[in-house]
Amino acid sequence: MEDLGGWTRTHHLGELTAADVDREVCLMGWVQFRRDHGGLIFIDLRDRMGLTQIVFGADYGLDAHERAHAIRSEYVLAVRGTVKARPEGMANPGMPTGQIEVQISGLKFLALSKTPPFEIEDRSEPAEVLRLKYRYLDLRRPKLAKNFILRHKAAQSVRRYLDGLGFLEIETPILTKSTPEGARDFLVPSRLNQGSFYALPQSPQLFKQLLMVSGLERYYQIVKCFRDEDLRADRQPEFTQIDIEMSFVDEEQVMHMAENMVRALFRETIGVDLPTAFPRMPFAEAIRDYGLDKPDVRFDLKLKDVTEVVRGSEFKLFAKAELVKALRVPAGGELSRKEIDDLTEFVKIYGATGLAWIKIKEDGEWQSPIAKFLSQAERDGLTTICGLEVGDIVFFQAASPDVVNTALGQLRLQLAERFGLIKDGTFAPLWVTDFPLLEYDPEDKRWVARHHPFTSPQPGQLDLVATDPGAALARAYDLVLNGSEIGGGSIRNHTMSMQQAMFTALGIDQAEATEKFGFLLEALEFGAPPHGGIAFGFDRLIMILCGAKSIRDVIAFPKTQKATCLMTEAPGEVSNRQLRELGIRLREKKD
RNA sequence: GGAGCCGUAGUUAAGCUGGUUAUAACGCCGGCCUGUCACGUCGGAGGGCGCGAGUUCAAGUCUCGUCGGCUCCGCCA
């Protein structure tokens, strides 16, 4: 192989144009396509900026031409030559550099390449196992590489914006303390303190609050967070947050700052202008109209509460249910029996036992397995509340509020897909506000923080925490974009007594609070300013900006669903010596 | 913890109700070619169907198990 031998690259491979004709250039890159005509050899050379056609011929460089026959896919070349306009009619309008080519006088083979396990091309769609095993080759594909270029631009945009507002980027520990509540921690054994473990941060929550106590006033960090939970298409065990905290602010100021940040981000990365004021919706309204706490408001289709209409119905399932809701699909009558059966299976995933439906036929007849149970008064009531018209279909769920809302909320999304209700390239941001502070956990039989235990209740709601925990509202806000939760935050408890009241409501007694969060409680006694913040799921934001279907397409080296890395084969076993140093003995494996 | 889909040359796929020697395209190797651009053209090599049992005269096709990938429920303050 040859080394650079003093050659210096003069241009990237996406930038030469007709303006550069007759320029002597030196290019370096990977071989994308080879078209060997014998007397003339064309090669598309690739780097991350693009492609440039180079030509080998005896007239341009005899030695280079002869050696060029050996060139294969993915070889790394350095070439010297002259930029020339392509002959009349030979330009390639499909290529940014299609007006020119470079006639090669000198060639160096910087590296050879084995035949790659899959073709490095945007058109090919190799199995994900292979893509993950050879991730470094997958990342050569422009389609994937462009996601990371955009990700970089997004991070720069955020830093620029926050820096402009006086935010300080401050790093917080990765080796920290396990805390109760929230997700399962990743643990790291301590060699110097055998039997003790660090936890990787689920988020820098407590540190950023303490930075506010320190008087640093405005903090941000684009930071890795770790949660040892099962993976999803939009969830990895290590992921990145844009983490932000501010002092002397209320929720209006945090939301205003965050909105402007997201707006700048969209403008500077994909040139999209988001609305100047993001709409807002209280949590209760989101559940009422959309069934979910992260409504996709790119399309309408609202759920309607019809519990009272069917309260006395002969259809006992409706009459007895705690909650009955309807979802009308305008012109949905075209759904086939098969499709309805499939939708019935779909809602069962979310705990539904079935799916009642009514089609309103041309002649006004109600075609439905349940129509015969409905009185005229009930029919009139449903027609009015749902706004039923000829050609519609309306679906029902009658069950516990949780099941009704989840099943119909998910069905709503499914139907939007089926009927093409979502226009490509639309972005609908939405603030969801007025969340309940606490949620009852039937498994642990106790109240848990819906957001996190440091979130402040809304003014005047502190007493409710003790008397009617489910009714207390939080000073919390989520930013939802196209039905995906991309950010969330809150105003925090900034006095010891507020925080103590919260711990009490969560059933964390004095001793436990002191043990787990003593440093925070104590800090709050030394003059903590009112403060609050927000954290964005950076990967999810990038997914939306790129139109990626999987979070793996915006993470350079992602994990599989079983949280392994197919490239490095992490996690792996460690030597007995390493275990001994840590004071760890493995238990016998279960059969 | 649970449900579903997938696994066939290097890659992507086809292979119907089980039946000669498992197809194709791309890629790869060799020849020819001075205007190609997913070059063309002629020729060639390459797999026994993720793995293991079972049913059967006969299994890529059926059954069970197992491994791996993906999607989802639970979980994710």
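Residue numbers begin at 1 in each chain, while the letters A, B, ... track the order of the sequences.
- A heavy atom lying under 4.0 Å from RNA chain B marks none of the residues of residues 403-418 of chain A.
- The side chain of Arg86(A) has rG35(B) as its nearest neighbour among rC72(B), rG35(B), rG69(B).
- Closest to the side chain of Val129(A), from the set rG69(B), rC72(B), rC76(B), is rG69(B).
- Set against rC73(B), rG35(B), rU71(B), the side chain of Arg232(A) has rC73(B) as its closest nucleotide.
- Nucleic acid contact for Pro126(A): sugar-phosphate only, since backbone atoms but no base atoms lie under 4.0 Å from a heavy atom of the residue.
- If you check every strand for non-hydrogen atoms under 4.0 Å, Ser203(A) touches a base.
- When every heavy atom of Arg141(A) is checked against every heavy atom of Ile120(A), the shortest pair comes out as CG-CG2, 3.9 Å.
- The glycosidic torsion of rG48(B) lies within 90° of 0, placing the base in the syn range.
- Within 4.0 Å (heavy atoms only), Tyr134(A) reaches no atom of the nucleic acid at all.
- Of all non-hydrogen atoms in Ile555(A) and Pro558(A), the two that sit nearest each other are O-CD, 3.4 Å.
- For Glu74(A) against Pro116(A), the heavy-atom pair with the smallest separation is CG-CG, 3.9 Å.
- Using Watson-Crick or G-U wobble geometry with both donor-acceptor distances under 3.5 Å, rG47(B) finds no partner in any strand shown.
- When both pairing distances are held under 3.5 Å, rC5(B) makes a Watson-Crick or G-U pair with rG69(B).
- Using a 4.0 Å heavy-atom cutoff across all strands shown, Phe33(A) reaches sugar-phosphate atoms only and no base atom.
- Distances from the side chain of Gln53(A) to the nucleotides rU12(B), rC28(B), rC37(B) place rC37(B) closest.
- Pair check for rU21(B) finds none; no Watson-Crick or G-U wobble contact set falls under 3.5 Å.
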Please report the C-alpha distance between Gln221(A) and Thr172(A) in whole Å, then the side-chain angles of each, then the deciding distance to 0.1 Å, and finally whether the side-chain hydrogen bond (donor to acceptor under 3.5 Å, both in side chains) criterion is met. CA-CA 9 Å; Gln221(A) 197 178 180; Thr172(A) 52; 3.0 Å; yes

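- Judged by distance alone with a 3.5 Å cut-off, no donor-acceptor contact links the side chain of Asp230(A) to the base of rC75(B).
- Within 4.0 Å (heavy atoms only), Glu128(A) reaches sugar-phosphate atoms of the nucleic acid but no base atom.
- Residue side chain Arg235(A) reaches the base of rC76(B) through a donor-acceptor N/O pair under 3.5 Å, judged by distance alone.
- Across all strands shown, Arg72(A) has heavy atoms under 4.0 Å from sugar-phosphate atoms exclusively, and none from any base.
- Residue Ser124(A) is classed as having no contact, given no heavy-atom separation below 4.0 Å to the nucleic acid.
- Arg450(A) comes within 4.0 angstrom of the backbone, heavy atoms only, and of no base.
- For the segment residues 116-123 of chain A, the set of residues with a heavy atom within less than 4.0 Å of an atom of RNA chain B comprises Pro117(A), Glu119(A), Arg123(A), in numerical order.
- Side chain Arg131(A) to base rG69(B): no donor-acceptor pair is found below 3.5 Å.
- Looking at heavy-atom distances under 4.0 Å, Phe454(A) makes no contact with the nucleic acid at all.
- Across all strands shown, Arg552(A) has heavy atoms under 4.0 Å from sugar-phosphate atoms exclusively, and none from any base.
- Summarising the geometry of Asp243(A) relative to Ala535(A), their closest heavy-atom pair is OD1-CB, 3.6 Å, with the distance given to 0.1 Å.
- Checking Arg35(A) against Gln53(A) by side-chain atom types alone, a donor-acceptor pair falls below 3.5 Å.
- Here Thr564(A) lies in heavy-atom contact (under 4.0 Å) with sugar-phosphate atoms only.
- Residue Glu128(A) is tested with Arg552(A), Lys133(A), Gln561(A) for a side-chain hydrogen bond (donor to acceptor under 3.5 Å, both in side chains); the sole match is Arg552(A).
- Summarising the geometry, the separation between CG on Asp234(A) and P on rC70(B) is reported as 14 Å, rounded to the nearest angstrom.
- At a threshold of 4.0 angstrom between heavy atoms, the contacts of Ala58(A) with the nucleic acid are absent.
- Within the 3.5 Å criterion, the main-chain N or O of Gln202(A) finds no donor-acceptor partner in the side chain of Gln241(A).
- If you check every strand for non-hydrogen atoms under 4.0 Å, Asp36(A) touches a base.
- Among the atoms of the strands shown, only primed sugar atoms or phosphate atoms (P, OP1, OP2) are found under 4.0 Å from some heavy atom of Leu130(A).
- Centre separation under 5.5 Å together with a plane angle under 30° does not hold for the ring of His37(A) and the six-membered base ring of rU34(B), so they are not marked as stacked.
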